[in-house]
Undergrad: 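This structure is in structure tokens; I'll ask about it shortly.
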Amino acid sequence: MGLMPSVLPDGETVPDDGALPARALEGAGDRPLGFYLHVPYCATRCGYCDFNTYTASELRGTGGVLASRDNYAEQVVEEIRLARKVLGDDPRPVRTVFVGGGTPTLLAAGDLVRMLGAIRDEFGLADDAEVTTEANPDSVGPAYLAELREGGFNRISFGMQSARQHVLKILDRTHTPGRPEACVGEARAAGFEHVNLDLIYGTPGESDDDWRASLEAAIGAGPDHVSAYALIVEEGTQLARRIRRGEVPMTDDDVHADRYLIADSVLAEAGFDWYEVSNWATTEAGRCLHNELYWRGADWWGAGPGAHSHVGGVRWWNVKHPGAYAAALAAGKSPGAGREILAEEDRRVERILLELRLREGVELSVLKPAGLAASRKALGDGLLDPSSYEAGRAVLTLRGRLLADAVVRDLVD
């Protein structure tokens, strides 16, 4: 899940050398360390996309050779070397690597392997490291997948979105129905232990039957992980403009709720257990450890234009444009655009926001009196699991998952 919002927050200046406050590394040995590598290139722009991505035509004349895909891997390697300097003698091997985008597989497989190699050389990889890349179904084939697997990748996530052509068309997806399912077989043949399919529900014009067909096609392909996200129509996107002009209908929240219930039922029947509101896996080993690292507030370094990082309560984000990113690294400077140092209260609130989305939930001891009172009301309303509550944890029920954002808002008080 390489979710890269297109708008960066404000923040204080990042030092030219990227140095972190000393306290950011206190207790680091108790936290896992991950890397997110952002590849900002796409062949075409999907109508619903609001991520920090660029097509070739969008980059033409704005970044020159600096923004080229051809030398992008070397730029990311430079930032990985910068990370090694900033983290100093931090002894942690990297537990997870996630390459997202954009479309990482627009780069040569050798480029992705090279970026992973830089992490291995500078930090070392944990023996059981999870190494994932996202992939568009129409940008990979058996030889490409075999090269990735041989190079150290052991998990892959394909953007399927839907099994219905008319839904893919609304989303401006270029692959044909059936191709993502074929990719799962090719990935298995290449030796990938873990395979995810990403689905989107609530696309204008999608019916309940369309959604069921997509779920059944995904399950039939044999992945061990499925992600299902409600379509969010972001302002400024092509899809938002089409809805505003009345060309396609807006999907309402009730439809989203119905589709979520269908997803949970169909996936559970096929042996998939939810472990985060939008994610299901067939086994504990099939969970996405990298995303769990985000949800549990661990440490990660995000390399690439617009990528976000977090180490020990310090969060920072890189400049957005590939040309500006390349120029900073070429000058020997951090590409960081801004950062914030989270206060203890900020970290408490974020812990509730993120951990409540997980199957294990969040400890009630983290809640303040008002939040605790709200949790008792949520329990009475059937939004929290009674047995987990007795054991000292707030865990969402199925109904609670439908209203997760509202429950979180009440509990953070």
Side-chain angles (χ1 to χ4, degrees), residues 8-38 76 78-98 118-131 288-304 306-319 328 332-358 360-368 371 392-393 411-412:
L8 296 179
D10 296 324
E12 65 178 46
T13 302
V14 176
D16 281 350
D17 62 359
L20 293 170
R23 72 182 179 92
L25 290 177
E26 291 174 4
D30 298 328
R31 304 187 299 267
L33 174 65
F35 262 84
Y36 172 73
L37 309 180
H38 186 60
V76 172
E78 281 301 314
E79 189 176 357
I80 292 166
R81 290 172 181 152
L82 171 70
R84 177 73 278 176
K85 291 174 188 170
V86 170
L87 297 178
D89 57 3
D90 183 343
R92 291 176 291 176
V94 170
R95 180 71 182 83
T96 66
V97 179
F98 194 104
I119 294 172
R120 186 186 291 111
D121 291 345
E122 297 293 338
F123 290 87
L125 292 172
D127 290 341
D128 56 350
E130 175 192 271
V131 183
C288 180
L289 294 178
H290 186 80
N291 284 338
E292 287 194 307
L293 182 142
Y294 293 155
W295 295 319
R296 298 187 189 282
D299 291 349
W300 72 89
W301 189 292
H308 287 233
S309 303
H310 171 266
V311 174
V314 180
R315 184 163 51 213
W316 70 96
W317 44 92
N318 286 347
V319 292
K333 295 180 179 180
S334 164
R339 75 180 186 188
E340 58 183 342
I341 298 173
L342 302 173
E344 283 305 312
E345 176 62 7
D346 296 328
R347 298 181 78 175
R348 184 192 75 87
V349 167
E350 288 202 354
R351 182 176 173 189
I352 299 167
L353 287 172
L354 297 170
E355 289 188 14
L356 191 63
R357 295 182 62 85
L358 294 171
E360 293 79 15
V362 65
E363 292 179 8
L364 293 172
S365 60
V366 178
L367 305 181
K368 288 187 171 181
R393 302 191 73 84
L411 265 56
V412 297

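Bear in mind the structure is a predicted one, so any value in this text is a computation, not a measurement.
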Undergrad: Among residues at least two apart in sequence or on other chains, which ones pass side chain to side chain contact (heavy atoms under 4.5 Å, CB included) with Pro91?
TA: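 Per chain and number, Pro91 pairs via side chain to side chain contact (heavy atoms under 4.5 Å, CB included) with no residue.
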Undergrad: Taking the basic N atoms (NZ, or NE/NH1/NH2) and the acidic carboxylate oxygens, is any pair closer than 4.0 Å for Arg347 and Glu350?
TA: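 Salt bridge: no.
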Undergrad: What residue among Phe98, Tyr36, Tyr294 forms ring pair (Phe, Tyr, Trp, His ring centres under 6.0 Å) with Trp300?
TA: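 Looking at Phe98, Tyr36, Tyr294, the match for Trp300 under the ring pair (Phe, Tyr, Trp, His ring centres under 6.0 Å) is Tyr294.
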Undergrad: Which pair of heavy atoms, one from Leu125 and one from Pro93, lies closest together, and at what distance?
TA: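 The pair with the smallest heavy-atom distance is C-CB, 3.9 Å.
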Undergrad: Should Leu342 and His310 count as side-chain neighbours, where that means a heavy-atom distance under 4.5 Å?
TA: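 Result yes, sub-4.5 Å side-chain heavy-atom pair found.
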Undergrad: What distance separates Asp17 CG from Lys333 NZ, expressed to the nearest 0.5 Å?
TA: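 These two atoms lie 11.5 Å from each other.
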Undergrad: Can you find a pair of side-chain heavy atoms, one from Glu363 and one from Arg351, that are under 4.5 Å apart?
TA: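 Glu363 reaches Arg351 side chain to side chain.
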Undergrad: If you apply the rule side-chain contact (heavy atoms from CB on, under 4.5 Å), what do you find for Leu37 with Glu79, and how did you get there?
TA: CA-CA 10 Å; Leu37 309 180; Glu79 189 176 357; over 6 Å; no
Undergrad: Find the distance between CD (Glu355) and CH2 (Trp295) and round it off to the nearest 0.5 Å.
TA: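 Rounded to the nearest 0.5 Å, the CD-CH2 separation comes out at 12.0 Å.
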Undergrad: Can Leu87 and Leu20 be said to form a side-chain contact (heavy atoms from CB on, under 4.5 Å), step by step?
TA: CA-CA 8 Å; Leu87 297 178; Leu20 293 170; 4.1 Å; yes
Undergrad: Check whether any side-chain heavy atom of Glu12 sits under 4.5 Å from a side-chain heavy atom of Ile341, and report yes or no.
TA: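 Sidechains of Ile341 and Glu12: in contact.
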Undergrad: Given side chains that start at C-beta, do those of Glu122 and Arg81 come closer than 4.5 Å, heavy atoms only?
TA: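 Side chain of Glu122 against side chain of Arg81, heavy atoms only: contact under 4.5 Å found.
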Undergrad: Taking Thr96 as the fixed residue, which of His290, Glu292, Glu130 is the one that meets the side chain to side chain donor-acceptor pair (under 3.5 Å) rule?
TA: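 Result for side chain to side chain donor-acceptor pair (under 3.5 Å) with Thr96: His290.
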Undergrad: So Trp301 and Val86, do their side chains get closer than 4.5 Å, heavy atoms only?
TA: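 Of all side-chain heavy-atom pairs linking Trp301 with Val86, at least one is under 4.5 Å.
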Undergrad: Given Val412, which partner from the list Val366, Leu367, Ile352 fulfils the side-chain contact (heavy atoms from CB on, under 4.5 Å) test?
TA: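 Result for side-chain contact (heavy atoms from CB on, under 4.5 Å) with Val412: Ile352.
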Undergrad: Below 4.5 Å, heavy atoms only, C-beta onward: do Trp316 and Ser334 meet side chain to side chain?
TA: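 They are not in side-chain contact.
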Undergrad: Tell me, do Leu354 and Val362 make a side-chain contact under 4.5 Å, heavy atoms counted?
TA: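 Counting from C-beta outward, Leu354 and Val362 never come under 4.5 Å.
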Undergrad: Are side-chain heavy atoms of Asp346 and Glu340 found at a separation under 4.5 Å?
TA: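 In short, these two side chains do not touch, never coming nearer than 4.5 Å.
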Undergrad: What is the minimum heavy-atom distance between Ala328 and Pro335, and which atoms define it?
TA: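 Scanning both residues completely, I find the closest heavy atoms to be CB-CA, 3.9 Å.
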Undergrad: State which residues pass side chain to side chain contact (heavy atoms under 4.5 Å, CB included) with Arg95; sequence neighbours excluded, sorted by chain then number.
TA: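 Arg95 satisfies side chain to side chain contact (heavy atoms under 4.5 Å, CB included) with Pro32, Ala126, Asp128, Leu289 only.
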Undergrad: Check whether NZ of the Lys or CZ of the Arg Arg92 lies under 6.0 Å from the centre of the six-membered ring of Phe123 and within 45 degrees of that ring's axis.
TA: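 No - Arg92 does not lie over the ring of Phe123 by the 6.0 Å and 45° rule.
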Undergrad: Mind listing the closest non-hydrogen atom pair of Ala19 and Arg339 along with its distance?
TA: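 For Ala19 versus Arg339, the nearest heavy atoms are O-NH1, 2.9 Å.
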Undergrad: Please report the shortest heavy-atom distance between Pro21 and Val314, naming the atom on each side.
TA: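 For Pro21 and Val314, the tightest heavy-atom pair comes out as CD-CG2, 4.0 Å.
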Undergrad: What closest approach, in Å, do Glu360 and Arg393 show between heavy atoms, and which atom pair accounts for it?
TA: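 Here Glu360 and Arg393 meet closest at O-NE, 2.7 Å.
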Undergrad: Tell me if a side-chain donor or acceptor on Asp299 pairs with a main-chain N or O of Leu33 at a distance below 3.5 Å.
TA: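 Not a single qualifying donor-acceptor pair exists.
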Undergrad: How far apart are the C-alpha atoms of Val311 and Asp90, what are their side-chain angles, what is the distance that settles it, and do they pass the side-chain contact (heavy atoms from CB on, under 4.5 Å) test?
TA: CA-CA 12 Å; Val311 174; Asp90 183 343; over 6 Å; no
Undergrad: Run the side-chain contact (heavy atoms from CB on, under 4.5 Å) test on Ile119 and Val131 for me, step by step, so that the C-alpha distance in whole Å, both residues' side-chain angles and the decisive distance to 0.1 Å come before the verdict.
TA: CA-CA 11 Å; Ile119 294 172; Val131 183; over 6 Å; no
